**Q** 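Please see the structure below; I have some questions.
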Amino acid sequence: MKRVIVGLSGGVDSSVAAYLLKEQGYEVIGLFMKNWHDDSVTISDECPWLDDSNDALLVAEKLGIPFQTVDLSEQYKERIVDYMFNEYENGRTPNPDVLCNREIKFDVFLKIALSLGADYVATGHYCRKDTIRKEGKEIHRLIAGKDSNKDQSYFLCQLSQEQLAKTLFPVGELLKPEVRDIAKEQDLVTADKKDSQGLCFIGKVRLPEFLQQKLQPKQGDIIEILSSEEKYQRTIPQFKSKREELEFLSSKYQYDTRDGKVVGKHQGAHYYTKGQRKGLAVGGTPEPLFVIETDVETNTIYTGQGKKHPGLYRKALFITNKELHWVREDLRLNVDEELEVMARIRYRQPLEKATLHVIDSGMYVVFENDQSAITEGQFVAWYIGEELVGSGVIS
């Protein structure tokens, strides 16, 4: 009998995942990961991880499976929290959920599970996996969840073949309402529990305060750039080479404090991210202001009016070799090769047509349509059909 260790998070998805595996005849063990100790920055007074671990325990008891809690807060702090601070300090916007999957659930947690004699780990993610044979080798494919509303393949875009080989996604074939129905039928305490928000496993965290513990506030200017600004009227030059064209399409607009007028003050450029609208506290403009660029060197935030502001849009992005990841190693492109794919630059964004172009130092992703708020530090993931084949950090 194969042994599966399920990451029971205290939510409905992982509860149903455990139930389904048990039905399928696996030996199932529930493990709750505790990733956070400092309750001073969580929003609600109640302690989310305590409630969650309690719910996870009740589910395990109901299903009659062994249960234990593992404390991964040290690894979480080192690999996720410190990394996030570092990225914010450098003016990039990290994605903790993608990292948490790569570094914690499918690395630290997976190793613990294997040391407990598990054949597989399982989570409540809405995505699917299948295995094909190619040239006599097993290749695992990461496929979008059946519920397109809930598909979480994007969050798993950094997984490797080794990690996928050991992973099961029992709810990937189901729609969310079906998952809730199963939980109700089985009388699981998590059946009506709201989906968790906030940083993976920490509960709701107030991001500015969370960051302020490490990053000192420092006042700077909020500058508004008009959409009629000359730099947006740039004519597309004649390119001498494909590479020159790719560089042009992926280049950001460069701003200078003299390009616009000061409309307000902020407490630190590193607290803001491109495309952000809330938290600027500048009123009196006909259309709301959006962050179009942040400069942590000069501690300046550049903004523009309305979500159609030209400063928000770009057609292409670049990924350096060291931040490029292929889930399907066998489909990796060589220098000068191109591939047409569907891609997204954030979770919940509809897939968009794009072309990958590989050069010696990395890879360009060129979209058919201009994309809003392409943000450094975030992940771009690309698909062929429903299969996620690779991803990278936007540089």
Side-chain angles (χ1 to χ4, degrees), residues 41-44 84-85 87-96 197-199 204-235 249-317 344-350 352 367 369-378 394:
V41 287
T42 46
I43 287 175
S44 45
M84 283 177 66
F85 281 127
E87 287 282 270
Y88 278 114
E89 231 167 5
N90 293 324
R92 298 193 354 159
T93 307
N95 186 318
Q197 295 294 313
L199 280 182
K204 279 186 160 49
V205 171
R206 293 193 189 90
L207 205 56
E209 289 170 33
F210 182 57
L211 292 171
Q212 270 154 355
Q213 299 182 341
K214 269 270 175 81
L215 304 173
Q216 290 309 305
K218 51 174 186 220
Q219 201 177 58
D221 290 334
I222 298 176
I223 291 178
E224 183 188 344
I225 307 285
L226 299 174
S227 35
S228 54
E229 166 67 32
E230 262 171 58
K231 63 179 85 231
Y232 300 137
Q233 320 305 324
R234 61 182 186 181
T235 48
L249 291 174
S250 65
S251 64
K252 313 199 295 187
Y253 290 109
Q254 299 298 324
Y255 298 100
D256 185 297
T257 49
R258 295 176 299 242
D259 290 341
K261 63 173 198 288
V262 176
V263 291
K265 297 278 181 208
H266 64 79
Q267 291 308 311
H270 43 253
Y271 299 136
Y272 292 85
T273 178
K274 233 175 278 187
Q276 182 174 335
R277 180 184 151 181
K278 294 193 178 80
L280 284 167
V282 177
T285 53
E287 281 199 85
L289 287 179
F290 287 82
V291 176
I292 55 175
E293 191 58 77
T294 61
D295 183 341
V296 289
E297 297 294 308
T298 63
N299 195 31
T300 310
I301 293 178
Y302 295 98
T303 60
Q305 280 189 45
K307 53 161 69 86
K308 291 272 179 277
H309 190 282
L312 283 170
Y313 289 88
R314 222 171 20 158
K315 204 178 181 64
L317 59 88
R344 56 168 57 108
I345 54 171
R346 56 181 71 88
Y347 176 55
R348 285 234 170 274
Q349 181 196 27
E352 304 259 348
F367 288 89
N369 302 313
D370 288 6
Q371 298 296 304
S372 174
I374 289 177
T375 306
E376 295 92 310
Q378 291 278 304
I394 299 169

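Just so you know, these numbers come straight off a predicted model, no measurement behind them. Residue indices begin at 1 and follow the sequence shown. Every heavy atom of this structure was used, including side-chain atoms; hydrogens, water molecules and symmetry mates were not.
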**Q** Shortest non-hydrogen contact from Ile345 to Gln371?
**A** CD1-CB, 4.1 Å

**Q** Does Phe367 reach the side chain of Leu317, with side-chain heavy atoms less than 4.5 Å apart?
**A**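 Side chain of Phe367 against side chain of Leu317, heavy atoms only: contact under 4.5 Å found.
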
**Q** Side chain to side chain donor-acceptor pair (under 3.5 Å) between Gln254 and Glu293: does it pass, once the steps are laid out?
**A** CA-CA 9 Å; Gln254 299 298 324; Glu293 191 58 77; over 6 Å; no

**Q** Above 12 or not: heavy atoms from other molecules or residues under 6.0 Å from CZ of Arg258?
**A** no

**Q** Under the side-chain contact (heavy atoms from CB on, under 4.5 Å) rule, what do Thr294 and His270 come out as? Steps first, then yes or no, please.
**A** CA-CA 8 Å; Thr294 61; His270 43 253; over 6 Å; no

**Q** Hey, is Lys261 close enough to Glu224 for a salt bridge, meaning N to O under 4.0 Å?
**A** yes

**Q** Give me the atom names and distance for the closest heavy-atom approach of Asp295 to Ala269.
**A** O-CB, 3.8 Å

**Q** Please evaluate residues Phe290 and Lys307 with respect to the criterion side-chain contact (heavy atoms from CB on, under 4.5 Å), reporting the C-alpha separation (whole Å), side-chain torsions for both, the decisive distance (0.1 Å), and the verdict.
**A** CA-CA 7 Å; Phe290 287 82; Lys307 53 161 69 86; 3.8 Å; yes

**Q** Do Tyr271 and His266 touch side chain to side chain, with heavy atoms closer than 4.5 Å?
**A** no

**Q** Where do Lys274 and Glu376 land on the side-chain contact (heavy atoms from CB on, under 4.5 Å) test, with the steps shown first?
**A** CA-CA 9 Å; Lys274 233 175 278 187; Glu376 295 92 310; 2.8 Å; yes

**Q** For atom CD of Gln233, is the number of surrounding heavy atoms from other residues, nucleotides or ligands below 6.0 Å larger than 12?
**A** yes

**Q** Which residues pass the side-chain contact (heavy atoms from CB on, under 4.5 Å) test with Pro310, not counting sequence neighbours?
**A**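 With sequence neighbours excluded, Pro310 shows a side-chain contact (heavy atoms from CB on, under 4.5 Å) to Ser227, Tyr232, given in chain and number order.
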
**Q** What residues form a side-chain contact (heavy atoms from CB on, under 4.5 Å) with Lys231, not counting sequence neighbours?
**A** Glu229, Tyr253, Tyr255, Asp259

**Q** Identify the residue among Arg314, Arg346, Lys315 that makes a side-chain contact (heavy atoms from CB on, under 4.5 Å) with Ile374.
**A** Arg314

**Q** Mind listing the side-chain donor-acceptor pairs of residues 215-222 below 3.5 Å, one per line with the distance, residues two or more places apart or on another chain?
**A**
{"residue": "Asp221", "atom": "OD1", "partner": "Lys265", "partner atom": "NZ", "Å": "2.5"}

**Q** May I ask you to say whether Arg344 pairs ionically with Glu352, meaning some side-chain N is under 4.0 Å from a carboxylate O?
**A**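 Result for this pair is no, no salt bridge flagged.
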
**Q** Could you list the residues that satisfy side-chain contact (heavy atoms from CB on, under 4.5 Å) with Thr273, not counting sequence neighbours?
**A**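 For Thr273, the residues satisfying side-chain contact (heavy atoms from CB on, under 4.5 Å) (neighbours in sequence not counted) are Thr93, Gln276, Thr375.
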
**Q** What's the spacing between Asp256 CG and Thr298 OG1 if we round to 0.5 Å?
**A** 9.0 Å

**Q** Any chance you could lay out the side-chain contact (heavy atoms from CB on, under 4.5 Å) test for His309 and Thr303, step after step, and finish with the verdict?
**A** CA-CA 9 Å; His309 190 282; Thr303 60; over 6 Å; no

**Q** Taking side-chain contact (heavy atoms from CB on, under 4.5 Å) as the definition, give me every residue that meets it alongside Thr257, ordered by chain and number, with sequence neighbours left out.
**A**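 Listed in chain order: Ile223, Thr300, Tyr302.
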
**Q** Identify the heavy atoms of Arg277 and Pro288 that sit nearest to each other, and give their distance.
**A** NE-CB, 3.5 Å

**Q** Sequence neighbours left out, cut at 3.5 Å: what donor-acceptor pairs do the side chains of residues 278-287 make with other protein atoms?
**A**
{"residue": "Thr285", "atom": "OG1", "partner": "Glu287", "partner atom": "O", "Å": "2.7"}

